[in-house]
2 protein chains.
Amino acid sequence: MTLAQALFAPRAVALIGASGDPAKNSARPFRFLRKHGYAGRIVPINDTRGEVQGERAYRSLADAPGEIDHAFIMTPGDSVERAIEECGARGVPVATIFSDGFADAGAEGAARQGRLIERARSLGVRLLGPNSMGLVDIPGRVALSANAVLEMDGLPAGTTSFVSHSGTMLGTVLSRGAARGLGFAKLVSVGNESDLGVAELVELLAEDADTRVMLLFLETVRDAARLANAARRANAAGKPVVAYKLGRSRLGESLARSHTGALAGEDAALDAYFRDCGIVRVDQLETLIEIPPLLAGRKPPDLSRAPRVAVVTTTGGGAASVVDRLGMAGIETYAPDSASPIIDLTMKATAEQYAATLDGLLGSPDCDAALAVVGSSAQFHPQLAVEPILHSRKSAKPLAAFLTPHAERSLALLARAGVAAFRTPESCADALAAYFAWRSPRTFPAGPVEWPRRLPRRGRLDEAQALELFASLGMPVVEHAIAEAPSFKHAISYPVAAKALSPDILHKTEAGAVRLGIADRAAFDREVRAMLERVPARAVLVQKMESGLAEAIVGYRDDPIVGPIVLVGAGGTLAEIYGDFALRLAPVGEDDAAAMIEKVKGFAMLRGYRGLPRGDLRALAKAVAVVSRLALLPGLPVAEAEINPLMVKADGVVAVDALVAMKE
Amino acid sequence: MTLAQALFAPRAVALIGASGDPAKNSARPFRFLRKHGYAGRIVPINDTRGEVQGERAYRSLADAPGEIDHAFIMTPGDSVERAIEECGARGVPVATIFSDGFADAGAEGAARQGRLIERARSLGVRLLGPNSMGLVDIPGRVALSANAVLEMDGLPAGTTSFVSHSGTMLGTVLSRGAARGLGFAKLVSVGNESDLGVAELVELLAEDADTRVMLLFLETVRDAARLANAARRANAAGKPVVAYKLGRSRLGESLARSHTGALAGEDAALDAYFRDCGIVRVDQLETLIEIPPLLAGRKPPDLSRAPRVAVVTTTGGGAASVVDRLGMAGIETYAPDSASPIIDLTMKATAEQYAATLDGLLGSPDCDAALAVVGSSAQFHPQLAVEPILHSRKSAKPLAAFLTPHAERSLALLARAGVAAFRTPESCADALAAYFAWRSPRTFPAGPVEWPRRLPRRGRLDEAQALELFASLGMPVVEHAIAEAPSFKHAISYPVAAKALSPDILHKTEAGAVRLGIADRAAFDREVRAMLERVPARAVLVQKMESGLAEAIVGYRDDPIVGPIVLVGAGGTLAEIYGDFALRLAPVGEDDAAAMIEKVKGFAMLRGYRGLPRGDLRALAKAVAVVSRLALLPGLPVAEAEINPLMVKADGVVAVDALVAMKE
């Protein structure tokens with residue numbers, strides 16, 4: 001019996017804490033398993049009743065007959081621990097814990113969860129949860145969940161699987177999908193992920209014959225490296241992975257933290273992570289439900305120019321509501337022989353002509369996707385309204401439909417034909433934008449890189465050491481020297497900058513530990529004397545004064561959620577004030593670094609804006625790649641590092657200020 | 001018979017071009033009028049048949065008996081003109097033109113429309129359209145439209161009215177509203193607005209007893225001044241006006257232009273316009289449909305701090321999807337006695353406790369709105385799931401609900417109780433953000449302002465004239481003088497800047513017509529000689545060199561769509577590269593100008609960012625108010641004007657460079 005079988009296709013399920021009162025939530029799994037045709041044995045465990053909903057119940061798992069593949073635990077408090085002991089004793093390979101009060105309930109609960117999972121490991125019991133709503137395998141007829149959505153008659157089967165941190169969302173996607181004819185294969189609520197987590201489920205689903213597309217509803221990412229690998233496997237298996245992740249705002253982040261006990265992570269870092277892992281990220285909740293037919297069987301488009309969508313419509317206003325948003329996402333339209341950005345077919349075309357138009361558009365190398373917008377007729381004449389779209393040939397390029405009225409039958413017809421159909425202009429545009437932003441999982445430059453022997457491996461490097469580290473990686477650094485007491489001699493030609501040399505002064509400018517543009521030796525002596533009266537240092541870093549066409553900031557961080565990342569942003573305060581920076585998982589090659597630089601608006605000044613002289617963006621890209629190679633140091637000793645500013649010149653770049661903080 | 005009566009409550013309607021073939025679109029209005037219980041006379045006009053759908057038809061309007069209050073014209077091509085002639089001859093006060101091929105079809109159609117409306121005016125016939133889908137008055141049982149949505153049985157009556165540039169959208173809002181129990185009063189498709197436009201309809205609806213909230217679907221704004229006044233009247237009548245406007249992206253703008261033949265206008269200017277007119281602007285299409293109960297009977301909140309929403313929920317994941325987006329809109333949550341940003345009531349509260357919690361929250365002065373998020377139970381136990389919300393008392397503060405599953409019955413229950421209920425987290429957050437951004441129509445500072453007599457009233461002012469104009473309005477301007485050939489004498493102390501004085505050199509820096517930081521007289525003579533060899537000018541503007549803590553740009557424009565607007569942005573290139581500016585209708589007072597300045601991120605540098613010295617933002621606000629007073633010049637002679645840069649100092653501001661272009 002494999003893990004996947006015990007999880008999704010158990011031959012017998014024990015319902016620990018199954019209630020005899022049908023009004024209780026803990027009575028639901030029994031009812032739902034029966035209602036949706038579970039073919040295996042159901043074994044209710046109830047310590048006060050001998051019968052539950054007409055089925056013989058047992059006082060404890062120990063009393064229950066036969067082999068049990070999966071236990072569903074609903075009992076409160078300490079009894080969860082007892083149930084796991086019993087699972088271990090009976091050789092139950094998987095337990096889903098519906099009970100809450102663990103890591104979802106503060107530090108004490110987290111400690112309790114730690115003890116629970118330790119014990120389960122030693123007993124050889126795999127856990128889903130705690131705080132899991134359970135799971136559903138629709139083609140396999142296993143509705144092992146307490147979610148009220150399972151009151152519905154006839155669960156819609158499909159080829160999309162869903163993994164969620166939120167148990168409620170199982171009901172959300174299932175009920176909303178069902179209302180428009182979109183079905184599912186497997187749905188799993190992972191709860192607190194004490195053991196079985198999102199990453200391992202993606203691994204299982206990558207091997208699952210029923211699954212073509214995977215959807216993730218994420219409050220956090222707990223095992224980024226494993227999920228990255230799992231996504232890579234899914235990609236190799238031709239199965240797109242789509243994520244909706246909370247915590248995009250600071251408020252959302254603090255909520256995710258309070259709700260799941262997990263670090264939420266910086267959203268921009270997660271965005272880079274999803275992209276580099278080949279995971280499609282959607283912005284709107286319903287996009288998650290509606291996007292699968294757009295992606296199923298398709299590959300990342302990896303376009304080298306702005307994407308173009310052909311919009312065919314019988315309603316100008318309806319089409320405009322999508323086109324407006326496509327434009328906001330940087331997507332262009334393709335409309336040959338039309339004075340307008342859309343192709344208007346109002347009341348002129350037969351179904352065959354309409355379909356031929358769509359096929360012709362999708363056949364053009366200048367067109368990357370087609371969108372059919374249908375007006376009021378979709379509500380009362382669904383067959384007539386969407387037939388032309390159904391007639392269109394399958395293409396490697398996506399075909400999407402947006403229906404302006406409330407038109408569930410039309411949505412269902414399109415769903416049945418595998419055409420992506422959208423209820424709102426926003427989710428339609430969001431899905432197309434997410435599709436075009438989809439990239440194949442990235443390959444990373446190889447290492448390793450060596451740590452310069454002379455440099456310490458702990459604490460914070462001083463600025464001279466930091467410059468030396470970057471120089472050793474291949475970064476052009478400012479000409480500099482260390483001037484020591486008592487003479488403070490140095491060989492740098494004037495004008496120079498002087499900085500008190502100490503890793504302990506964090507805000508050097510504010511502390512008066514930096515002087516720029518010192519014109520000559522006399523001024524230098526005067527400034528250094530004054531400086532060392534203000535700050536505790538015994539040496540001074542002397543640097544040649546440098547200037548450039550613009551300043552950049554290049555940073556590196558070993559992010560607690562996604563691991564090493566590299567950042568490039570417009571210098572001065574622009575990166576911070578305007579959030580004008582680009583992030584990628586580190587390391588990056590020069591081409592990826594160049595693509596990052598293109599995303600930074602402030603570098604417009606270096607790209608020939610208003611006739612200004614052009615900066616050496618190739619050298620900047622090289623510098624970004626160099627900094628990102630900190631991720632290739634064995635053991636990842638660097639916590640964070642930054643060059644700020646990096647002067648970008650017409651020919652080359654130079655690092656003027658550097659900061660490196662080690663983990664220990 | 002008033003215009004409103006003829007339009008919405010005609011005693012007899014002539015259907016010109018009514019088809020006898022029920023499959024044709026032109027057969028629909030007859031059928032729909034009948035189907036939805038029109039109580040007046042229907043008079044089909046058909047030049048080939050004596051009978052249409054069982055009703056006696058007439059060859060022309062001239063043959064039809066009795067008084068006709070409203071003609072609905074569906075005939076193609078030139079026959080529209082003939083129909084209008086007949087309306088004039090018969091004294092029909094209003095004609096709705098369904099036929100297209102006018103301003104919606106290029107320059108020739110626009111000319112044809114011009115002739116048509118001129119003729120209609122002289123005949124005393126008011127026009128709706130051309131290219132109008134018609135109108136519906138649900139309480140009055142007048143379904144005078146060809147929109148297929150009217151196939152539905154039983155139109156949902158309510159107190160929301162809708163005015164749309166797009167005919168399709170009548171069906172969109174009606175069908176989507178009906179599916180969740182949201183009803184409407186009047187719905188009007190204005191088409192090309194040759195005569196009756198959005199503004200006049202808002203005037204009529206402000207007087208309409210059935211209408212409590214007005215929704216606008218806009219592709220453009222054709223009569224901004226009249227609409228502003230109409231919105232003010234609606235506001236005075238306690239009727240919120242909500243707009244969804246296309247053309248937010250350049251692509252959307254070009255589509256609106258091609259689709260309606262109208263200028264779309266710069267979106268930021270329209271945004272300022274809606275805000276200053278007291279019109280609520282929504283971002284997502286469904287928000288338009290779902291927001292009315294949130295606004296009905298309420299006033300603009302006009303908060304002086306960040307808005308706070310109390311989020312009460314039984315589902316953490318569902319609430320998080322809204323809260324995350326609220327955070328993105330700068331909205332905070334209010335959760336007393338909770339470690340989390342939300343108030344979790346999972347399975348603990350009775351209906352009464354839940355309602356009491358909501359009432360308590362809404363009663364707090366620290367809470368500005370409440371949101372109840374309901375999970376899967378909303379689908380199959382609607383009464384149980386939403387009852388607690390229905391028990392809550394009516395408050396001056398809005399109460400909203402978001403339901404995570406597909407739950408139409410729950411939505412309808414909430415709608416019936418007047419509680420704003422949302423299908424998606426995005427429209428829910430959008431509606432709350434739109435509500436909090438809602439302001440009362442702004443009052444404008446009074447004028448007039450006088451034009452300085454010495455200045456020309458045409459063309460482009462030279463820089464000295466432009467500085468003089470701004471100085472006359474009260475702007476501190478740089479100390480300057482005009483130095484003329486042959487001596488180029490001046491009394492400004494060095495260092496100075498020199499600029500060739502000519503209104504014809506547009507890009508002075510690129511043309512080599514500006515020299516900064518000239519140190520002394522000798523350098524001045526040298527620079528001026530060289531400059532006047534490069535550019536055609538006979539005099540030089542000499543200015544004292546000024547510097548400040550930061551630069552600002554302050555601009556004025558008489559926008560072709562919304563009229564005079566004033567802009568303030570971060571100087572240098574930031575306003576352009578980052579879109580970092582704020583706009584308002586001009587003129588503004590100093591307090592409104594201060595609020596604009598707060599919106600500009602780049603001014604962080606002047607607000608004490610990282611310990612930098614603070615700039616005189618009050619003086620900047622005064623400068624913005626001064627520039628905006630160009631809108632008080634009689635006849636609005638200035639097309640555009642700009643001070644760039646305005647130097648902002650620790651104490652005061654000074655205009656260093658100015659540009660003024662007149663309309664003629």
Side-chain angles (χ1 to χ4, degrees), chain A residues 147-149 151 165-166 168-169 171-172 175-176 178-179 217 219 246-252 254-256 258-259 284-286 315-318 320-321 323-324 326-328 332-333 339-342 375-377 379-380 404-406 424-426 510 573 577-578 580 601-602 604-605 609 611, chain B residues 147-149 151 165-166 168-169 171-172 175-176 178-179 217 219 246-252 254-256 258-259 284-286 315-318 320-321 323-324 326-328 332-333 339-342 375-377 379-380 404-406 424-426 510 573 577-578 580 601-602 604-605 609 611:
Chain A
N147 193 301
V149 73
E151 303 281 4
H165 280 130
S166 158
T168 298
M169 285 299 144
T172 303
S175 72
R176 290 178 183 235
F217 180 95
E219 289 174 345
L246 293 170
R248 286 161 295 187
S249 66
R250 248 179 242 175
L251 183 59
S254 74
L255 176 56
S258 74
H259 185 61
Q284 307 226 334
L285 183 59
E286 285 211 323
T315 156
S321 65
V323 167
D324 202 20
L326 290 178
M328 288 160 86
E332 299 174 356
T333 55
S340 145
I342 61 175
S376 299
S377 60
Q379 187 173 13
F380 297 100
T404 67
H406 181 77
T424 67
E426 293 82 16
E510 287 84 338
T573 51
I577 289 183
Y578 295 110
D580 189 23
K601 289 182 188 171
M605 328 258 197
Y609 178 79
Chain B
N147 192 301
V149 74
E151 302 281 5
H165 280 130
S166 157
T168 298
M169 285 298 143
T172 303
S175 72
R176 290 179 183 234
F217 180 96
E219 289 174 346
L246 293 170
R248 286 161 296 187
S249 66
R250 247 177 243 177
L251 184 60
S254 73
L255 176 57
S258 75
H259 187 61
Q284 306 227 334
L285 183 59
E286 285 210 324
T315 157
S321 65
V323 167
D324 202 21
L326 290 178
M328 288 160 85
E332 299 173 357
T333 55
S340 145
I342 61 176
S376 299
S377 61
Q379 187 174 14
F380 296 101
T404 67
H406 181 77
T424 67
E426 294 82 16
E510 288 84 339
T573 51
I577 288 182
Y578 295 111
D580 190 23
K601 290 182 187 172
M605 327 259 197
Y609 178 80

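None of these values were measured; they are calculated from a predicted model. Hydrogens, waters and symmetry mates play no part in the numbers below; they use all other heavy atoms, side chains included. Lettering follows sequence order; numbering is per chain, from 1.
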Quick one: CG on A:Asp580 to OH on B:Tyr578, what's the gap to the nearest 0.5 Å? 3.0 Å
Go through A:Ala178, A:Ala604, A:Ser321 and name the one with the most non-hydrogen pairs under 4.5 angstrom from chain B. A:Ser321
If only atom types and distance count, is the side chain of A:Arg176 paired as donor or acceptor with the main-chain N or O of B:Thr404 below 3.5 Å? yes
Toward chain B, the part of A:Met328 with a non-hydrogen atom under 4.5 Å: both
Return the set of residues passing ring-ring contact (aromatic ring centres under 6.0 Å, His included) with A:Phe380 (not counting sequence neighbours), or none when no residue passes. none
Toward chain B, the part of A:Glu426 with a non-hydrogen atom under 4.5 Å: side chain
Of the listed residues (A:Gly602, A:Gly611, A:Ser377), which shares the most heavy-atom pairs with chain B below a 4.5 Å separation? A:Gly602
Of the non-hydrogen atoms in A:Gly317 and B:Leu246, which two are nearest, and what is the gap between them? O-CD1, 4.3 Å
NZ on B:Lys601 to OG1 on A:Thr573, rounded to 0.5 Å: 12.5 Å
Among B:Leu326, B:Thr172, B:Thr424, who wins on heavy-atom pairs under 4.5 Å with chain A? B:Thr172
Measure distances from B:Gln379 to the heavy atoms of chain A and classify the residue's part below 4.5 Å as side chain, backbone, both or neither. side chain
Just jot down the side chain to side chain contact (heavy atoms under 4.5 Å, CB included) partners of B:Thr333, sequence neighbours excluded, or say none. A:Leu251, B:Val311, B:Val323, B:Pro341
With a 4.5 Å cut-off on heavy-atom pairs, point out which of A:Gly171, A:Ser166, A:Ala148 contacts chain B the most. A:Ala148
Under 4.5 Å to a heavy atom of chain A? For B:Glu151 that would be both
Here the gap from B:Thr315 atom OG1 to A:Asn147 atom CG, rounded to the nearest 0.5 Å, amounts to 9.0 Å
Between B:Ala179, B:Gly318, B:Gly375, which residue shows the highest count of heavy-atom pairs closer than 4.5 Å to chain A? B:Ala179
